[in-house]
Every structure is written in structure tokens, then in C-alpha cells.
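Notes to accompany the following structure.
Per chain, numbering begins at 1; letters A, B, ... match sequence-line order.
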Protein chains: 2
Amino acid sequence: MIQLDEADRTILVLLQQDDRQTYVQIGAQVGLSPATVHDRVRKLERRGALMGYQARVSPRAVGLPVTAFISLNLDGGQSCRSVTPTLEAFPEIEECHSVAGDTDLLLKVRVPSTEALEELNYRLKCLEGVVRTQSLIILSTRFEDRPRIPAPLGREEHV
Amino acid sequence: MIQLDEADRTILVLLQQDDRQTYVQIGAQVGLSPATVHDRVRKLERRGALMGYQARVSPRAVGLPVTAFISLNLDGGQSCRSVTPTLEAFPEIEECHSVAGDTDLLLKVRVPSTEALEELNYRLKCLEGVVRTQSLIILSTRFEDRPRIPAPLGREEHV
DNA sequence: CTTGAAATAATATCGGG
DNA sequence: CCCGATATTATTTCAAG
């Protein structure tokens with residue numbers, strides 16, 4: 001785990017809310033000069049706490065209004081290993097998690113239509129090692145893309 | 001649906017990959033001047049295609065190594081409406097979707113430990129209108145935070 | 001680790017094609 | 001809608017406390 005002081009945490013919170021904030025503005029909040037903020041940001045990047053900067057694009061706006069979660073059951077073979085790179089090649093798959101439970105993989109997907117979801121589902125079923133799929137369609141998203149770090153974040157668990 | 005030409009799409013793709021790219025760099029890719037790129041970006045923001053800019057923060061780095069999906073069953077009462085704002089007040093809930101199927105709401109959550117997940121689960125069960133919860137723990141994340149717009153994005157479906 | 005100041009590079013604005 | 005030029009701001013570097 002990366003050690004972060006309070007200033008680092010605040011910087012992360014501010015940047016994940018809006019990374020277009022200037023180092024001057026951020027510096028004012030944390031009580032540091034812009035140069036120091038710059039320095040800390042570079043360090044956070046190198047240490048892996050800051051993994052990138054991305055614009056949030058409305059899925060609706062770009063023609064991907066349908067969101068769904070798809071559960072995948074895999075056979076026991078070594079295809080379990082090889083299936084991840086294959087899935088990564090599907091642009092409609094936004095997330096891919098390995099889970100504990102009834103299924104093996106959980107995917108979050110974005111598609112233009114329910115017809116496209118059906119089509120995607122079919123293509124997944126055809127993959128080597130996939131024995132079953134199950135789709136869960138999102139009716140509406142109440143919220144997502146929320147900051148991951150709650151502002152204060154209670155003190156660390158001692159492991 | 002927002003109408004986007006090819007340049008707009010390219011701009012969105014580039015910005016969602018890395019929104020620190022300069023308008024000079026983007027302009028070179030799409031064959032437009034920096035001033036024009038600037039202009040288009042502002043328009044994309046106003047039209048709602050660009051919803052914000054956020055730094056991606058490593059959940060591990062900030063002490064939230066455990067990810068889970070929690071399904072919620074609600075009673076039929078009007079508490080269905082009031083539960084969303086309540087959930088939004090939970091900082092550990094990153095996403096909240098209304099789904100079609102066995103359950104009513106699907107949450108994506110980040111917590112410091114499995115103990116914290118247990119605690120969260122308990123707090124959710126106690127909420128007015130929640131009759132059942134079910135947790136699905138993520139063992140490992142193969143990928144997430146992927147761009148939502150695949151580079152070319154096949155031609156529009158005609159509805 | 002921090003800073004102010006200087007050098008560099010970006011964004012924002014605007015008149016006009 | 002697009003551009004070039006200008007003005008304004010921000011980032012980046014650096015020598016030094």
C-alpha cells in the first residue's frame with residue numbers, strides 16, 4: 001500500500017472530481033505552492049496512485065444507450081487464462097472482473113441496442129471455454145463515475 | 001441523440017483516453033487548428049457529450065482494495081423512490097443501477113476490507129424498503145475504466 | 001520537501017474569412 | 001464552422017532555503 005499524507009489525499013480527491021483544476025487552485029486548498037503540487041502529482045503518478053486522466057463521455061451521446069452486466073461461466077480448462085485477452089478485444093466490454101460465486105467472470109458492457117446485446121451475447125457464447133452466459137439489463141443508472149475516495153476516509157485498518 | 005461528425009468522435013476518443021492531451025496534439029490528429037478544437041470541446045461540453053474530466057485513482061492505493069457488487073431487493077412501497085438519495089450518501093457505493101430481473105438495484109462498491117463489506121451489507125439491510133441483499137465479491141479485475149467509444153464505432157443503427 | 005522566479009507552453013478570446 | 005494572431009494563464013524547471 002502506498003503511503004499518502006493528508007495533502008496527497010486531498011490532491012487525489014480534487015483531481016478525481018475534476019482534473020482540469022489548476023495547480024494554483026489545488027495549492028490554495030491544500031496550502032502548498034503550485035510548484036509543490038506539481039511535484040506531488042508527478043510522484044503520485046510514479047507511485048501508481050494516479051493512473052491516468054480521462055474525460056467522461058456520455059454513452060448515450062455516442063450511441064451506446066444500453067448498459068448490461070453479463071455473467072460468464074467457463075469450463076475448467078486452461079481456456080480460462082486465454083479468454084481474458086479475447087474479451088479485451090471486444091470494444092463493447094467496458095469492465096471484466098473475476099468473481100467468486102455461481103459464475104466466473106462478470107462483464108459490464110455498453111451497446112447501441114438490445115439487438116446488439118443479443119448479438120454480443122451470441123458471440124460470447126461461441127467463445128472457446130465459455131459454457132454459459134447470463135445478461136442483466138440496466139433499466140436506468142441512478143449514478144456512476146463517482147469519486148472513489150470519500151473525502152476524509154476514516155483512518156487505516158491495521159492489518 | 002447528439003449528432004457528432006467524425007472530428008467530434010475522434011476528439012472524444014482521444015480525450016477519454018487521456019484528457020491531458022493538448023489541443024495542438026488533438027488538432028494534428030483531426031486536421032483542425034487548436035482554436036477550432038477548443039471551440040468543439042466547449043460545444044461537446046455544452047451538448048452533454050463530454051460530462052467531465054476525472055483523474056483515475058487506484059483504489060488499492062487509497063486503501064480500498066475490495067470491490068464487490070451488491071444486489072438489492074426492495075419492497076413495493078414508495079421507499080423505492082426515496083432509497084436512491086439515501087444510497088448516494090454512502091461514499092463506498094460507486095455505482096447504482098436499476099435493473100430488470102430478480103433484483104431491483106445493483107450496486108458497485110469499494111471498501112477497505114471484507115469486514116467493511118460485511119458492515120456495509122448490514123447497514124444496507126437496515127434501510128427502509130430494503131428486504132434483501134446479496135453480495136458478489138470481485139476476486140480480481142482483469143480490466144476496467146476502458147474507453148466507452150471504440151475508435152471507429154460502426155455506423156448508426158437506424159431506428 | 002518546499003519555494004519563488006524565470007522560461008516554456010497551454011488555453012481562451014476575437015476579428016474576420 | 002474555421003482560422004491566425006494576441007492576450008491571458010498554466011505548467012515546468014531550477015537554484016536555493
It should be established whether [X] places a side-chain nitrogen or oxygen under 4.0 Å from OP1 or OP2 of nucleotide [N].
X     : N      : result
A/H38 : D/dT12 : yes
A/R42 : D/dT12 : yes
A/R40 : C/dT2  : yes
B/T36 : D/dC3  : yes

What nucleic acid atoms does A/D39 come within less than 4.0 Å of, heavy atoms only: base, sugar-phosphate, or nothing?
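The answer is base, as A/D39 lies within the cut-off (heavy atoms under 4.0 Å) of a base atom.
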
Without decimals, in angstroms, what is the distance between [X] [atom1] and [N] [atom2]?
X     : N      : atom1 : atom2 : result
B/Y53 : C/dA10 : OH    : C1'   : 14 Å
A/R46 : C/dC1  : CZ    : C1'   : 13 Å
A/Y23 : C/dA10 : OH    : P     : 14 Å
A/R20 : D/dT11 : CZ    : P     : 11 Å
A/I11 : D/dT11 : CD1   : P     : 12 Å
A/Q21 : D/dT11 : CD    : C1'   : 16 Å

Quick one about B/Y53 and A/Q17 (side-chain donor to acceptor, distance below 3.5 Å, no hydrogens or angles considered), yes or no?
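Distance-only check fails for A/Q17 and B/Y53.
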
For the residue pair A/H97 and B/F69, is the inter-centroid distance of their aromatic rings smaller than 6.0 Å?
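Close enough - the centres of the two rings lie under 6.0 Å apart.
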
Between A/I26 and A/L15, does a side chain to side chain contact (heavy atoms under 4.5 Å, CB included) hold up when you go through it step by step?
CA-CA 9 Å; A/I26 295 172; A/L15 282 180; 3.8 Å; yes

Ignoring hydrogens, what is the shortest heavy-atom contact between B/L12 and B/A49? Give both atom names and the distance.
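Between these two residues, the closest heavy atoms are CD1-CB, 4.4 Å.
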
Taking the minimum atom-to-atom distance to the side chain of A/L32, which one of C/dT3, D/dG4, D/dT11 wins?
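Nearest to the side-chain atoms of A/L32, counting from C-beta on, is C/dT3.
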
